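The next block holds one structure in the form of structure tokens; read it before the comments.
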Amino acid sequence: MADRKPTKATQERAQRIYTKLEKLYPDAHCALNHRNAFELLVATILSAQCTDERVNMVTPALFKKYPTPQKMAKATQEQLEELIRTTGFYRNKAKNILGAATRIVEKFDGKVPDNMDDLLSLPGVARKTANVVLGNAFGINVGVVVDTHVGRLAWRMGLLRNARDTKDAVKIEKDLMPLFEQENWTMLSHLLISHGRGVCNARKPDCENCQLVDDCKQKDVKKK
DNA sequence: CTCCCGATAT
DNA sequence: ATATCAGGAG
């Protein structure tokens, strides 16, 4: 458990990266359309292994029919499945949003919880989804949202202690937290995701047009 | 670890 | 054909 502090060089690189990203994406924000915490919670559950663009195609009809936890809790799983089918994993997701809505009504007075423990008690909600809701719906920075983009970028930019952790979201989160100001944690994931979607994508990173190559390991890998 | 799973890019 | 997309549960 050699949980050493990050090196000063890593700290400085992290700050440099954040500053550049902030200038590149001054209006970075949550790309999942939502009007309140409940909609964001549902949209985030639906976003698993699916583009947020696709999620935004199904949520208007979904929220029109089931705008509140109370209404959604009265839906049948089949009704929900039909509306969310194109997001993939639709049986699990329908069961989870139905179960989450039901639990919110029964245990949380119809309101989406604003703390980590209660959010984690909802079906289909783990740390990533909880961090999204806390950060974007409640403005609470208790952790860093680690999704596939954040994990990939964190590794490419040399912000992880060891490359083995690319699959472990919790370890990635623990590596990232001390490198950035807590008040910036939510924005950090928006910035990394913006860059990860547009430039530093998984398939074909556009290193020629990347402003961060100097702080990136991927450029060496790509030199084939 | 496996499974869930449709849509899109390559 | 294969990889990937704001993951989570068993």
Side-chain angles (χ1 to χ4, degrees), chain A residues 21 25 27-34 37-59 61-62 77-78 80-103 113 116-138 141-156 164-173 176 184-207 218 221-222 224:
Chain A
L21 286 173
Y25 311 101
D27 51 359
H29 62 283
C30 180
L32 293 167
N33 295 339
H34 63 282
F38 178 64
E39 291 191 357
L40 179 58
L41 173 70
V42 172
T44 308
I45 292 174
L46 295 182
S47 72
Q49 297 295 295
C50 172
T51 60
D52 40 347
E53 188 181 348
R54 173 71 47 191
V55 174
N56 289 337
M57 293 180 194
V58 311
T59 45
L62 180 67
Q77 173 153 348
E78 289 70 26
L80 295 175
E81 284 180 4
E82 186 183 345
L83 284 168
I84 68 171
R85 183 167 23 87
T86 60
T87 66
F89 298 159
Y90 60 92
R91 279 185 278 252
N92 284 336
K93 289 175 180 176
K95 179 159 50 116
N96 286 335
I97 63 178
L98 180 56
T102 302
R103 183 170 172 79
M116 179 63 77
D117 287 344
D118 288 343
L119 282 169
L120 293 180
S121 78
L122 300 174
V125 178
R127 213 179 151 82
K128 183 257 172 181
T129 300
N131 274 333
V132 169
V133 172
L134 289 171
N136 294 284
F138 296 116
N141 286 297
V142 296
V144 177
V145 172
V146 177
D147 63 14
T148 175
H149 292 299
V150 172
R152 183 179 68 253
L153 281 261
W155 174 74
R156 287 182 179 172
R164 301 262 173 208
D165 295 347
T166 342
K167 297 287 181 192
D168 190 331
V170 175
K171 283 187 181 174
I172 294 171
E173 191 179 355
L176 290 178
N184 293 333
W185 285 351
T186 298
M187 183 54 68
L188 170 67
S189 47
H190 291 324
L191 293 171
L192 289 175
I193 290 163
S194 295
H195 195 64
R197 269 204 293 260
V199 179
C200 192
N201 55 35
R203 294 278 207 139
K204 210 179 87 174
D206 189 6
C207 301
Q218 179 67 16
V221 178
K222 206 187 174 187
K224 57 192 173 194

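Values reported hereafter were calculated over all heavy atoms of this structure, with side chains retained and with hydrogens, waters and symmetry mates removed. By convention in this document, chain letters (A, B, ...) are assigned in the order of the sequence lines, proteins followed by strands, and residues within each chain are numbered from 1. Since the model is a prediction, treat every value here as computed from it, not as a measurement.
- Nucleic acid contact for A:Ala31: base, since at least one base atom lies under 4.0 Å from a heavy atom of the residue.
- Judged by distance alone, the side chain of A:Asn201 and the main-chain N or O of A:Lys204 form a donor-acceptor pair under 3.5 Å.
- For A:Thr186 and A:Asn141, the side-chain atoms include at least one donor-acceptor pair closer than 3.5 Å.
- Using a 4.0 Å heavy-atom distance criterion, A:Tyr90 is classed as a sugar-phosphate-only contact.
- Taking the ring centroids of A:His190 and A:Tyr25, they lie at or beyond the 6.0 Å cut-off.
- Separation of the C1' atoms belonging to B:dC5 and C:dT2 is 15 Å when rounded to the nearest angstrom.
- Residues A:Gln77 and A:Leu98 share a closest heavy-atom pair of N-CD2, 3.9 Å.
- If you take NZ of A:Lys167 and C1' of C:dG7, they are 12 Å apart, rounded to a whole angstrom.
- Side-chain N/O atoms of A:Arg127 include none lying less than 4.0 angstrom from OP1 or OP2 on C:dG8.
- If you check every strand for non-hydrogen atoms under 4.0 Å, A:Thr148 touches sugar and phosphate atoms only.
- B:dT2 and C:dA6 have their C1' atoms separated by 22 Å, with the value rounded to a whole Å.
- Residue contacts shown for A:Ser47 are limited to sugar-phosphate atoms, with no base heavy atom under 4.0 Å away.
- Across B:dA7, B:dC5, C:dA3, the shortest atom-to-atom separation from the side chain of A:Thr86 is found for B:dA7.
- Atom CG in A:Asp52 sits about 13 Å away from atom C1' in C:dT4, given to the nearest Å.
- For the pair A:Ile45 and A:Gly124, the tightest heavy-atom approach, listed with the atom from each and the gap, is CG1-O, 3.8 Å.
- Across all strands shown, A:Ser189 has no heavy atoms under 4.0 Å from either base or sugar-phosphate atoms.
- The shortest side-chain heavy-atom distance between A:Arg127 and A:Met116 falls under the 4.5 Å cut-off.
- If you measure from atom NZ of A:Lys128 to atom P of C:dG7, you get 5 Å, rounded to the nearest angstrom.
- Rounded to whole Å, atom P of C:dC5 lies 19 Å from atom CG of A:Asn92.
- Which of C:dG7, C:dA6, C:dG8 sits closest to the side chain of A:Phe89 comes down to C:dG7.
- Ranking C:dA6, B:dC5, C:dG8 by closeness to the A:His190 side chain, first place goes to C:dA6.
- Put simply, the side chain of A:Arg54 and the base of B:dA7 share no donor and acceptor less than 3.5 Å apart.
- Taking atom CZ on A:Arg103 and atom P on C:dA9, their separation rounds to 12 Å, with Å as the unit.
- At whole-Å resolution of the value, CG in A:Leu46 and C1' in B:dC5 are 13 Å apart.
- Across all strands, A:Val125 comes closer than 4.0 Å only to sugar-phosphate atoms, never to a base (heavy-atom distances).
- Residues A:Lys93 and A:Met57 both approach DNA chain B. Their nearest nucleotides, taken by heavy-atom distance, put A:Lys93 toward the 5′ side.
- For the pair A:Gln49 CD and B:dC3 C1', the interatomic distance rounds to 12 Å; values are reported in whole Å.
- Here C:dC5 is the nucleotide among C:dA6, C:dG8, C:dC5 with the atom lying nearest to any side-chain atom of A:Ala202.
- Between A:Leu191 atom CG and C:dA6 atom C1' there is a gap of 14 Å when expressed in whole angstrom units.
- Toward the 5′ end of DNA chain C lies the nearest nucleotide of A:Thr51, the other residue of the pair A:Ala130 and A:Thr51 mapping further downstream.
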